[in-house]
Amino acid sequence: MLPKTYEPTNVEEKWIKIWQDQGLFKPKIDKNQKPFTIVIPPPNITGALHMGHALDETLQDIFIRYARMKGNNAFWVPGTDHGGIATQNVMEKILKAEGKTKEEIGRESFLERMWKWYGECGTTILDQLKKIGCSIDFSKENIRFTMDDQRAAAVFQAFKELWGKGLIYRGERMINWCPRCYTALSDIEVEYEEEKSFLWHIKYPLTDNSGHITVATTRPETMLGDTAVAVNPSDKRYSKVIGKKLKLPLTNREIPIIADEAVDVSFGTGAVKITPFHDPADFEMAQRHNLEMIQVISYHGKMENCPEKYLGKKVEIARKEIVEDLKEAGLLEKEEPYKHNVGRCYRCSNHIEPLISEQWFVKTKNLAKPVIEKTKKGEFSLYPENWKNPFLMWLENIKDWCISRQIWWGHRIPAWYCKNCGKESLFFDERGQLKRVSLKKGLKPVVSKEKPLKCEICGGHEFVQDPDVLDTWFSSALWPMSVFGWPEKTEEMEYFYPTSILVTGYEILYLWVARMAMSGMFHQGKLPFPKVYVHGIVRDKHGQKMSKSKGNVINPLDIMKKYGTDSMRFSLIIQAIGGKDIPFSENSIIGGRNFVNKIYNVSRFIHLYAVKDRIYKPDYLSLDETDKWMLSRFNETCEIYSKYMEEMMLPEALDRIYAFLWDEFCDWYIEFSKPQINSNQKDKKLGLIISVFTDSLKLLHPFMPFVTEELYSSLSGYLENHSNFLCMEKLPTAKKEFSFKETEKKISSLMDLIKTIRALRAQFSIPPSKKINVTISADEKAISILKELEEHIKTLAGIENLKIEPNLTKPPKTIAAVSGNFTIYVNVEGNIDIEKEKIRLKKEEKELSPLLEKWKQKSLDESFIKNAPEPEIAKLRERILDTENKLKKIKELAGYLDEAF
RNA sequence: GGGUGGUUAGCUCAGCGGAAGAGCGUUCGCCUCACACGCGAAAGGUCACAGGUUCGAACCCUGUACCACCCACCA
């Protein structure tokens, strides 16, 4: 005898191994078959997968398995991402734990450690993908990595092509600098967060001693780098001082008062301190007015180029001291509580310093254009559609992309410099390593994959490579091409590109999706995929983002271990409606776990009655009414399922199978069938049960691969035709000949009847073990329908003797209820509380009467009759008739009550 | 400041023009020979608020109020 509850662990391990060993998911190029391809959003090799990955991978696996079972040549391209800053940070932490820094061990050995880490962590991640059930071929040669040789070739090619067309340039711009990660970031790698702070009002004295000007700032420490104060030219308060000079407090410098339209008269004091080096708006203004720019905050986030007192101090500390010093000098007018947005690094959460720096950029305006066009034309679509507008808006306002990072882990920028020509432009550290490059003095980079042999300008032979690496998203942007071997003209590229769909979370829509689309258009003239399925973020049960610091992280590995992968997949997907965020808690898995157990028990039921190694087939020539009902329900389920799947409405499709299997198949059909399973009808019934159940498993398989594969395999011995693997089976489709609408109506009224009797039993506390005697009355026609279903009523309502008679008046010693056209009389012995019974009937009457009145009024309403569609009117009339009938019967019953007992 | 989504049962959310739904939780009765991770029966909702369109509105329109997220250089 099988255990009562499903044990997922061994089953999952078994199928992971078998699927791989059989090579079922190996990519194959077959020009006669249509490919269905998804490239995985490569997980960063930063550690373990989280709940968001579980969702992302599950969604993709569903698309892939569904496509495979539909008969497409499905290929899910796996791989991992080197993950730039994020991964470097992980390694820095590891080193710190060992008491080392990356500077101490040097660039080369640091990179060695990183590659070793990739070896370990990459494997861990692939193992976890297996556990999630991903139908990926995990053989080594199929796994891609954003930094392996082939991907490196793609990165170089892309860089060269962009450089060749003048779309990559190096320039000095205001960029976002993370002092913690010690690198520049692109604009979209900064996260803004509201912070409570102060607006400090500081007095700047005029040099002519004619008074002072008060400026308001949220960053007093930057005043040390002020090179002007700006006012609006139309601001009468300041018209007389424009052009005068101010003495910059705490320093010996003098700065001018300038006039600029950008200054908001109504904000603060209407006078703005201008720190060109450390504020984007000030930088622009400085360019208009040709102001000096002084860097007072270093790349390490410490004060520099400033009075001795603050030199080398961290920004936060300098801020406090400066405010104190101003207060002491009587120059702090007020300290106003103030909320404002502060930029934080998306990788380490530290404060971002905007500052001016020479970096590599990609010109994006023209790259975005073709993508905008494709999107507007509908050739590129996002699901859900709500993302279309934000996506377009972002592309339309796109800014140049800073692609250089001052870290070590990543694709080194393929730019080389002649040491001889670069005497004034190349800066080396004490170890002789190139640490900084400036092209301001006209040094020309040579873009090349290998070290150039000879300088074309001076004939020199010594070259050094740019010390920076590329933004990790630069290689990710090429992923849908690089995975197929681009820029080589490979067969894979030819066959699989463009891919079919991309599945990812909305948080990387701009960071990744937009850039893939641009790269695809630029390098291939084709989008990498026609549509994107955008899903939400897995949050905790309160809707909070999961984070280590909040301590609300749920680890998918723990969940899978405890409840099984199928349960987790079910629970995630059933909630993933419309791409919304998912509030996930351990509690929400229980529904999935229960469902897995439920279907497992269906197989248990089958095994209990079926004879081993015997073939069971449905006999479609001798179907009874319940068989037809069930086939018809399954048929509709197939129809709805495939409609939803085609529209990418996965949760809705899953919900339909769930409801079919649990409510219709288990709760009704199996129950209907039980008496016949103990009779000579057994084989026939089992045949149908097995057939419909295994077909349901097929529909369910993309969502819950392990349990369905396991059950299918355990049942396949009963099947006349079956594949070796459920995952390679063909999906069942709806068949017209199995749609029995009349039968559905009939059975539905039968179900109502049974429910009414059960309710009656519950109301009068008749224990389930006690069989009852029942008489059902109705008109002749309805009676004839009931007669053939008599047995089902008896078993499902716990009836000993059932009499079905036309037009009967209430027999003595019975309680009664009305269901549709039927009046039900249940014999009772002993004492029944007549008052209670009266109250029950009165209550029902009270509920129905006003409704009936309302409907009657409506049916008489001329404008309703005139405007409403015909079926609607008919429906209402039928409802009125039924209700009138029912009310009449209820009143009759109430009347009889007194004499009947 | 702009944009997007949300406000429906105690909780998490479906439904998006024709009698208010699911899962979990709650109450009552059942270890009925697949399943107590189960079965049966129930309780529980002026569908945020105010107008409007319509024969008819949770659903469409217009406002309002909160909530969430995204974008934006207001010091």
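Residue numbers begin at 1 in each chain, while the letters A, B, ... track the order of the sequences.
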> Can you tell me if K612(A) has over 12 outside heavy atoms packed within less than 6.0 Å of its NZ?
no
> Going by a 90° cut-off around 0, is U46(B) syn or anti?
syn
> Could you check which of C70(B), A75(B), C35(B) has an atom nearest any side-chain atom of Y510(A)?
C70(B)
> If you check the I577(A) side chain, which of A14(B), C55(B), G18(B) turns out closest?
A14(B)
> Hydrogens and angles aside, do H351(A) and E195(A) bring a side-chain donor and acceptor to less than 3.5 Å of each other?
yes
> Can a side-chain donor-acceptor contact be found between S714(A) and H607(A) if the only test is distance below 3.5 angstrom?
yes
> Look at the side-chain N and O atoms of K4(A) and state whether any lies under 4.0 Å from the OP1 or OP2 oxygen of C35(B).
yes
> Would you kindly say whether E189(A) and S186(A) are connected by a side-chain donor-acceptor distance under 3.5 Å?
yes
> Distance only, no hydrogens: is a donor on one side chain within 3.5 Å (strictly under) of an acceptor on the other, for T275(A) and D226(A)?
yes
> Decide yes or no, distance alone: a donor-acceptor N/O pair under 3.5 angstrom between the base of C55(B) and the side-chain of K866(A).
no
> What's the gap between A58(B) and A50(B) when it is taken at their P atoms, as a whole Å value?
13 Å
> For Q544(A) and U12(B), what is the distance between atoms CD and P respectively, to the nearest whole Å?
13 Å
> Let me know the distance between CZ of R604(A) and C1' of C35(B), rounded to the nearest Å.
7 Å
> Please give, in whole Å, the distance from A75(B) C1' to E336(A) CD?
12 Å
> Below 3.5 Å, does any donor atom in the side chain of Q575(A) face an acceptor in the base of A14(B), or the other way round?
no
> Write down the distance separating the P atoms in G17(B) and C69(B), rounded off to the nearest Å.
30 Å
> Taking atom C1' in both U26(B) and G10(B), compute the distance separating them and give it to the nearest angstrom.
8 Å
> For D260(A) and A75(B), what is the distance between atoms CG and P respectively, to the nearest whole Å?
16 Å
> Looking only at side-chain N and O atoms, does Y563(A) come under 4.0 Å of OP1 or OP2 in C37(B)?
no
> How many Å lie between NZ on K755(A) and C1' on A42(B), as a whole number?
13 Å
> Can you tell which of A72(B), G18(B), C74(B) lies closest to the side chain of K399(A)?
A72(B)
> Strictly distance-based, threshold 3.5 Å: is any side-chain N or O of N597(A) a donor or acceptor partner for the main-chain N or O of R593(A)?
no
> Quick one: is Y609(A) getting a side-chain N or O under 4.0 Å of the A34(B) phosphate, OP1 or OP2?
yes
> In whole angstrom, what separates F391(A)'s CZ from U4(B)'s P?
17 Å
> Between U62(B) and U53(B), how far is it from one P atom to the other, in whole Å?
15 Å
> Would you say the side chains of E353(A) and W177(A) form a donor-acceptor pair under 3.5 Å?
no
> Does E193(A) pair with R344(A) as a salt bridge, N-O distance under 4.0 Å?
yes
> Just by distance, with hydrogens left out, do K886(A) and S819(A) show a side-chain donor and acceptor under 3.5 Å apart?
no
> I want to check one thing: is the phosphate of A68(B), taken as OP1 and OP2, less than 4.0 Å away from some side-chain N or O of K580(A)?
no
> With C1' as the reference atom in both, quote the distance from G45(B) to G21(B) in angstrom, rounded to an integer.
11 Å
> For U7(B) versus U64(B), give the span between their C1' atoms, rounded off to a whole number of Å.
13 Å
> Expressed as a whole number of angstroms, how long is the span from K273(A):NZ to A75(B):P?
12 Å
> Taking the C1' atom of each, how far is C31(B) from A43(B), in whole Å?
25 Å
> Taking T9(A)'s backbone N and O only, do any of them form a donor-acceptor pair with E7(A)'s side chain (distance below 3.5 Å, no angle check)?
yes
> Determine which bases of RNA chain B form Watson-Crick or G-U wobble pairs with both distances under 3.5 Å, and write the result as a 5' to 3' dot-bracket string with | for other-strand partners.
((((((((.[[[[.)..(..]]]].(((((.......))))).....[[[[[..)....]]]]])))))))....
> Can you build the contact string for nucleotides 20-32 of chain B? Use B for base contact, S for sugar-phosphate-only contact, and - for no protein heavy atom under 4.0 Å.
---SS-----S-B
> For nucleotides C24(B) and G38(B), find the distance between their C1' atoms and express it as a whole number of Å.
16 Å
> So, S863(A) and D861(A): side-chain donor and acceptor under 3.5 Å apart, yes or no?
yes
